[in-house]
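These numbers come from a predicted model, not from an experiment. Within every chain, numbering begins at 1; the chains are lettered A, B, ... in the order of the sequence lines, protein sequences first and strands thereafter.
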Amino acid sequence: MCKQFLLFSQSYQCVNTIMDYQFKDIEKKWQQFWADNHTFKAENTSDKPKYYVLDMFPYPSGAGLHVGHPLGYIASDIFARYKRLKGFNVLHPMGYDSFGLPAEQYAIQTGQHPSVTTEANIATYRRQLDQIGFSFDWSREVRTSSPDYYKWTQWIFMQLFNSWYNKDADKAEGIDKLVAHFESNGSAGINAACDDEILSFTADEWKAMTNQQQQEELLKYRLTYLRESTVNWCAALGTVLANDEVKDGFSERGGYPVEQKKMMQWSMRITAYAQRLLTGLDTIDWPEPLKEMQRNWIGKSVGASVKFPIYGAAGAGVSEGTLATGTETPAPYIEVFTTRVDTIFGVSFLVIAPEHELVSQLTTPEQKDAIEAYITQTKKKSELDRMADTKTVSGAFTGSYVTNPLNGEMVQIWIADYVLAGYGTGAVMAVPSGDQRDYLFAKHFNLPIIPIIDIQKIDTEADPTKEGKYINSNFINGLEYKEATAAVVAKLEELGLGKAKVNFRMRDAIFGRQRYWGEPVPVYFKANIPRLIEESDLPLLLPDIDKYLPTETGEPPLGRASDWKHPKGEYELSTMPGWAGSSWYWYRYMDAHNDQEFASKDAIEYWKDVDLYIGGSEHATGHLLYSRFWNKFLKDIGKVVEEEPFKKLINQGMIQGRSNFVYRLIDAEGKGTNTFVSHGLIKDYETSPIHVDVNIVENEVLNLNKFKEWRPDFKDAEFILENGKYICGVEIEKMSKRYYNVVNPDDLAQRYGADTLRMYEMFLGPLEQSKPWNTNGIEGVFKFLRKFWKLFHDADFNFTVSDAEPSKAELKALHKIIQKVEQDIERFSFNTSVSSFMIAVNELTDLKCNKRAILQDLVIILEPYAPHICEELWVLLGNEAGTLSYASYPKFNPAYLVEDSFNYPVSINGKMKTTISLPLTLEQKEVEEAVLASADVQKYLDGKTPKKLIVVKGRIVNIVV
RNA sequence: GCUCAGAUGGUGGAACUGGUAGACACGCAGGACUUAAAAUCCUGUUCCCGUAAACGGAGUGCGGGUUCGAUUCCCGCUCUGAGUACCA
């Protein structure tokens with residue numbers, strides 16, 4: 001900053017500083033060089049082993065990048081650069097997830113086409129990314145909203161439509177194979193993941209169906225299919241949301257209320273893959289919490305389904321009874337799912353969800369009023385209340401009974417809202433002795449509680465134990481858990497009233513959005529049957545429309561597109577959800593410009609999968625689950641080679657904002673004055689806190705002049721200072737414009753340079769840990785880089801390196817850092833390697849080392865962290881420009897670290913007292929003698945004889961007195 | 001409620017399989033250079049007692065335990081953050 005000034009005033013200092021570390025020139029020069037020479041272009045054929053480093057690509061929002069975004073990108077870039085130096089052919093691409101709601105919301109407000117704002121936002125992102133010096137191969141950039149790209153998203157959709165899941169083969173197969181089976185064998189022998197209400201038919205019956213009927217039936221098997229589903233409808237956003245986009249009954253984006261609504265919807269049969277998605281988790285190197293989240297989301301429970309015959313229902317084996325007048329043939333059974341089928345003799349009532357389809361059939365005339373009142377009451381309760389209020393017991397008796405299939409006892413049927421219609425069969429067998437909710441329910445309504453295990457303690461609460469022997473349990477009395485469960489299942493199977501069953505919590509994923517800015521679904525409707533467009537007609541382009549709003553008749557915005565019609569029918573009007581384009585993008589990077597396939601077979605067989613994936617854990621149950629699903633499907637149809645797409649995954653922690661406050665003095669009338677009180681003094685005054693821009697605060701000290709300039713109303717501000725300074729208050733909040741706590745990487749790159757920014761972001765702490773951003777301390781990293789630069793220069797900043805043989809101490813410093821950084825990088829501990837670099841440079845500075853033999857290797861190992869300064873020094877050292885990125889990583893030689901003596905810490909009773917330097921050649925016995933002989937130690941022993949002496953060679957000595 | 005992660009100086013953090021707690025940096029204090037400031041360099045900096053210093057005591061959220069030795073392992077608890085939520 002002072003340099004230009006000095007240039008004119010003091011020529012002596014000017015010469016001194018002119019060649020000082022000029023990060024601006026250096027960084028601009030090398031960024032240009034890399035771009036011009038395509039330094040980081042990856043080849044799809046190579047003798048080197050491959051390594052694929054991927055970042056979760058960003059949605060290009062209007063706000064641009066803040067300082068938290070690049071954290072993961074910097075880490076992955078360091079890793080990618082490191083792998084190049086280690087001799088790998090590295091694929092390290094970047095792109096944009098450019099379909100999405102904000103651009104559309106903006107379009108609704110301004111009328112501007114989302115593609116225009118998207119384009120502008122991408123340009124900003126690119127500029128911001130470029131100035132940090134990433135080694136991305138930009139020739140492979142993808143944008144999910146580009147027709148060349150979404151052509152293949154649509155193509156994958158078509159493959160899903162043309163596939164069904166064969167449970168016997170445990171993989172997806174072509175729908176034509178299913179049709180062939182129907183033609184020759186009918187529906188017999190098909191074990192498919194499909195809708196519940198499939199028909200069973202013979203081959204002849206199939207052939208006799210009209211095409212319309214056949215298509216309707218096939219739709220029940222396709223991996224993407226239409227079905228009337230209850231969806232999360234958000235009226236304010238005008239769209240349907242996925243479960244993971246809804247939080248506590250409100251939309252995650254915008255926080256608008258979300259209601260349940262029935263709608264014809266495209267769905268993805270992800271449940272077909274539930275088991276494979278679960279087992280696959282054991283084969284991948286992901287953070288355990290993230291795997292756990294996916295496991296919970298998939299929600300596998302192993303148990304049994306049991307049919308309870310409805311007492312008096314036709315076909316249930318009992319003829320009498322007083323059932324409500326059902327119009328249809330009454331159902332003979334209620335089916336429940338249970339994970340504790342061994343407790344079946346403890347069943348004292350049955351509970352079904354208020355929304356259960358049999359409720360009206362089961363309600364007796366006497367109970368009609370009670371049941372209807374209860375249903376009305378439940379409906380009134382919002383989703384939120386129902387979740388919050390888990391303590392109050394409520395329910396109503398239907399008046400009907402089932403019989404226990406194993407002992408024929410009459411069991412009351414109740415409805416209660418603690419049973420959810422959407423899980424299992426929407427009905428549970430209640431065992432109050434073993435389940436706390438059933439227990440409370442039984443107590444509340446005075447229903448029997450039957451102990452079923454000898455050691456059960458059920459005086460005050462349910463006891464879900466599996467220990468002990470069964471009692472009151474018919475043929476399993478005296479048995480233990482395992483054998484009892486097996487016996488009950490066997491008996492139920494024999495009776496045809498139950499079987500072992502696995503249940504998943506995960507639901508099929510809804511795949512339609514009533515929105516404009518997304519991929520059009522490549523489908524048209526003919527006689528209400530969805531049909532795919534021709535593959536040769538892909539991509540089905542997103543048409544222009546006049547307004548980005550639903551039509552008057554409530555159809556999605558695409559309903560406004562005129563002349564947008566398939567020759568044979570009407571196009572689907574909903575578009576694909578945000579996760580469509582991101583569920584396969586890592587394959588497009590492998591072969592980004594292919595117009596014949598989404599990526600060539602060769603490219604996919606070469607790159608295979610992502611070796612390292614870095615991104616936030618907020619995508620745990622969305623993107624990361626859908627991507628695994630699509631990947632498995634693509635593997636089933638032979639298009640990709642790996643079962644799991646992301647071998648290793650790392651979550652970078654969230655960067656929170658760190659807000660600063662000033663405290664405005666309040667006058668007697670309670671009005672804010674123009675005087676501000678320093679934080680340490682606010683207890684003596686009446687003040688109110690005001691957010692202040694963190695960029696005019698340094699180490700909590702407010703820059704008073706900048707504060708006066710910051711907002712016009714603070715122009716004449718006065719201050720009550722402490723120790724001559726105004727100290728600000730601090731609080732951790734979300735990083736957001738409205739808290740004035742956003743730190744922009746552009747500002748830091750301007751002020752300190754990209755290399756400093758990169759290293760500082762890593763220096764901040766462990767990558768995976770969430771932490772508030774704090775710019776305090778960036779000076780330390782900046783100083784380090786200047787010190788590093790000085791190693792190569794004399795006092796007048798002339799480049800000076802010596803070809804002299806390095807000393808033992810210099811070699812030791814070098815090899816210590818080689819070893820340390822390599823270990824750190826392999827375990828993604830980037831913060832500690834930055835510290836180690838500082839130590840190494842401090843040591844070499846103390847040794848006044850300017851030897852090429854040391855410094856050149858140091859340049860190579862620092863390159864992944866601070867690539868610009870290293871490139872510059874690499875060339876100054878006489879190497880060819882641009883060859884640094886592919887130089888070979890220095891080999892660690894442990895011989896240089898060998899010591900011949902060790903400074904033994906001597907503890908007495910575990911407390912470190914003194915140290916003794918002894919040769920490492922000494923054996924345990926000799927160390928003991930040397931320690932006891934030492935005058936220093938004798939002083940501490942104070943004449944006492946040690947009880948015990950512990951010597952760990954090369955580590956420690958501990959004397960027990 | 002359940003699951004997971006975490007708690008170390010004024011601050012960010014380090015200590016990798018139990019072995020010198022506080023590396024590295026920020027901040028702060030003192031000093032050098034300077035008319036002065038900035039920049040740079042040097043010294044100190046866990047706390048307490050004492051204090052010129054040696055030295056002594058305490059100390060990794062809290063309470064126990066195992067061990068010659070525990071930030072690290074075990075048991076119980078408190079707090080913070082994330083995920084999930086009547087899942088039968």
Side-chain angles (χ1 to χ4, degrees), chain A residues 1-3 5-6 13 16-17 20 248 287-293 295-297 299-301 303 336-340 343 351 386-391 416-420 422-431 434-438 440 503-505 617-618 620-621 651 653-654 656 698-701 730 732 760 763-766 768-781 783-784 786 820 823-824 827 829 831-839 842 903-915 946-952 954-961:
Chain A
M1 283 147 268
C2 62
K3 279 155 215 148
F5 170 71
L6 287 171
Q13 295 233 342
N16 260 355
T17 49
D20 197 354
D248 301 332
E288 204 46 50
L290 196 109
K291 288 195 196 179
E292 204 52 36
M293 270 192 245
R295 284 191 194 107
N296 289 339
W297 191 261
K300 178 179 182 175
S301 23
V336 304
F337 175 75
T338 175
T339 53
R340 289 295 303 274
T343 64
V351 188
R386 213 165 138 172
M387 277 191 291
D389 183 22
T390 59
K391 298 245 153 58
D417 63 6
Y418 80 84
V419 173
L420 306 174
Y423 182 77
T425 57
V428 303
M429 58 180 225
V431 184
D435 182 287
Q436 186 59 20
R437 287 157 310 172
D438 297 345
L440 292 174
N503 205 35
F504 291 97
R505 191 173 78 100
S617 60
E618 65 271 23
T621 50
N651 289 130
M654 247 209 349
Q656 296 138 309
E698 212 172 318
N699 289 317
E700 323 320 346
V701 178
V730 179
I732 306 304
Y760 184 61
F763 190 57
L764 222 45
E768 309 202 46
Q769 201 170 295
S770 286
K771 58 224 154 207
W773 176 266
N774 189 346
T775 312
N776 297 351
I778 194 167
E779 292 280 351
V781 173
K783 268 190 230 168
F784 155 75
R786 295 174 65 181
K820 175 76 170 133
Q823 284 171 351
D824 285 351
R827 63 191 173 104
S829 176
N831 56 324
T832 51
S833 39
V834 175
S835 301
S836 313
F837 277 120
M838 290 174 170
I839 294 170
N842 287 345
N903 208 21
Y904 278 93
V906 180
S907 314
I908 293 176
N909 292 335
K911 281 271 173 197
M912 216 284 282
K913 291 294 176 186
T914 184
T915 57
K947 268 196 210 130
K948 203 168 170 189
L949 191 60
I950 289 116
V951 174
V952 184
R955 270 260 142 99
I956 200 169
V957 177
N958 191 16
I959 305 171
V960 188
V961 185

May I have the distance from A:M293 (atom CE) to B:A5 (atom P), rounded to whole angstrom? 11 Å

Touch check for A:K783, heavy atoms < 4.0 angstrom, all strands: base, sugar-phosphate only, or nothing? sugar-phosphate

Could you check which nucleotide pairs with B:U45 in any of the strands shown, counting Watson-Crick or G-U wobble with both distances under 3.5 Å? B:G27

Residue pair A:V960, A:N909: steps toward the side-chain contact (heavy atoms from CB on, under 4.5 Å) verdict: CA-CA 5 Å; A:V960 188; A:N909 292 335; 3.7 Å; yes

Out of B:C86, B:U11, B:C68, minimum distance to the side chain of A:V960 belongs to B:C68

Shortest non-hydrogen contact between A:T425 and A:V336, atoms and distance: OG1-CA, 3.3 Å

P-based separation of B:G50 from B:U66 [nearest Å]: 36 Å

For atom CE of A:M654 and atom P of B:U80, their distance in whole Å: 18 Å

Quick one, A:I956 and A:M912 - any side-chain contact, counting heavy atoms below 4.5 Å? no

Who pairs with B:C4 - Watson-Crick or G-U, where each distance is under 3.5 Å: B:G81

C1' atom, B:A15 versus B:U60: distance in rounded Å? 11 Å

Any non-hydrogen side-chain atom of A:K820 less than 4.5 Å from a side-chain atom of A:T832? yes

Per the glycosidic torsion and the 90° limit around 0, nucleotide B:G22 is anti

When both hydrogen-bonding distances must be under 3.5 Å and the geometry is Watson-Crick or G-U wobble, what is B:A39 paired with, if anything? none

Would you kindly give the CD-to-P distance between A:E779 and B:C26, to the nearest whole Å? 9 Å

Would you say A:R295 places a side-chain N or O within less than 4.0 Å of OP1 or OP2 belonging to B:U3? no

Nearest-Å distance for atom pair CG/P, residues A:N296 and B:G83: 13 Å

Please give the distance between the P atoms of B:U8 and B:U80 as a whole number of Å. 14 Å

Who is the Watson-Crick or G-U wobble partner of B:C73, with both distances under 3.5 Å? B:G65

If pairing means Watson-Crick or G-U wobble with both distances under 3.5 Å, then the partner of B:G50 is none

Mapping A:G299 and A:V701 onto RNA chain B by nearest heavy atom, which one lands closer to the 5' end? A:V701

Between A:W297 (CH2) and B:C87 (C1'), how many Å, whole number? 13 Å

Taking all atoms of both residues into account, what is the closest heavy-atom pair of A:S301 and A:T339, and its distance? CB-CG2, 3.8 Å

Nearest non-hydrogen partners of A:M293 and A:T621, listed with the distance: O-CG2, 4.0 Å

With rounding to whole Å, what would you report as the distance between B:G27 and B:G13 at their C1' atoms? 14 Å

Using a cut-off of strictly less than 4.0 Å, decide whether A:K913 has a side-chain nitrogen or oxygen near OP1 or OP2 of B:G57. yes

Please report, rounded to the nearest Å, how far the P atom of B:U11 is from the CG atom of A:L764. 16 Å

List the atom of A:M838, the atom of A:G780, and the distance in Å for their closest heavy-atom pair. CE-O, 4.1 Å

Starting at NZ of A:K947 and ending at C1' of B:C68, how long is that distance when rounded to a whole Å? 11 Å

Spacing of A:R437 atom CZ relative to B:G1 atom C1', expressed in whole Å: 12 Å

Going by purine N1 to pyrimidine N3 plus the second Watson-Crick contact, or the G-U wobble pair, all under 3.5 Å, which nucleotide sits opposite B:U20? none

Heavy-atom closest pair (A:N774 atom, A:Y760 atom, distance to 0.1 Å) is O-OH, 2.5 Å

Reading nucleotides 14-24 of chain B from the 5' end, what letters show protein touch, with B for base, S for backbone sugar-phosphate only, - for no heavy atom under 4.0 Å? SSB--BBS-BB

Roughly how far apart, to the nearest Å, are B:U84 and B:C16 at atom C1'? 33 Å

Can you tell me how far C1' in B:A29 sits from the matching atom in B:U17, rounded to whole Å? 41 Å

Taking side chain as C-beta onward, heavy atoms only, is A:W773 less than 4.5 Å from A:L764? yes

With P as the reference atom in both, quote the distance from B:A25 to B:A14 in angstrom, rounded to an integer. 15 Å

Separation of the C1' atoms in B:G56 and B:G65, to the nearest angstrom: 29 Å

Nearest heavy atom decides the nucleotide; on that basis, is A:M429 or A:Q656 closer to the 5' end of RNA chain B? A:Q656

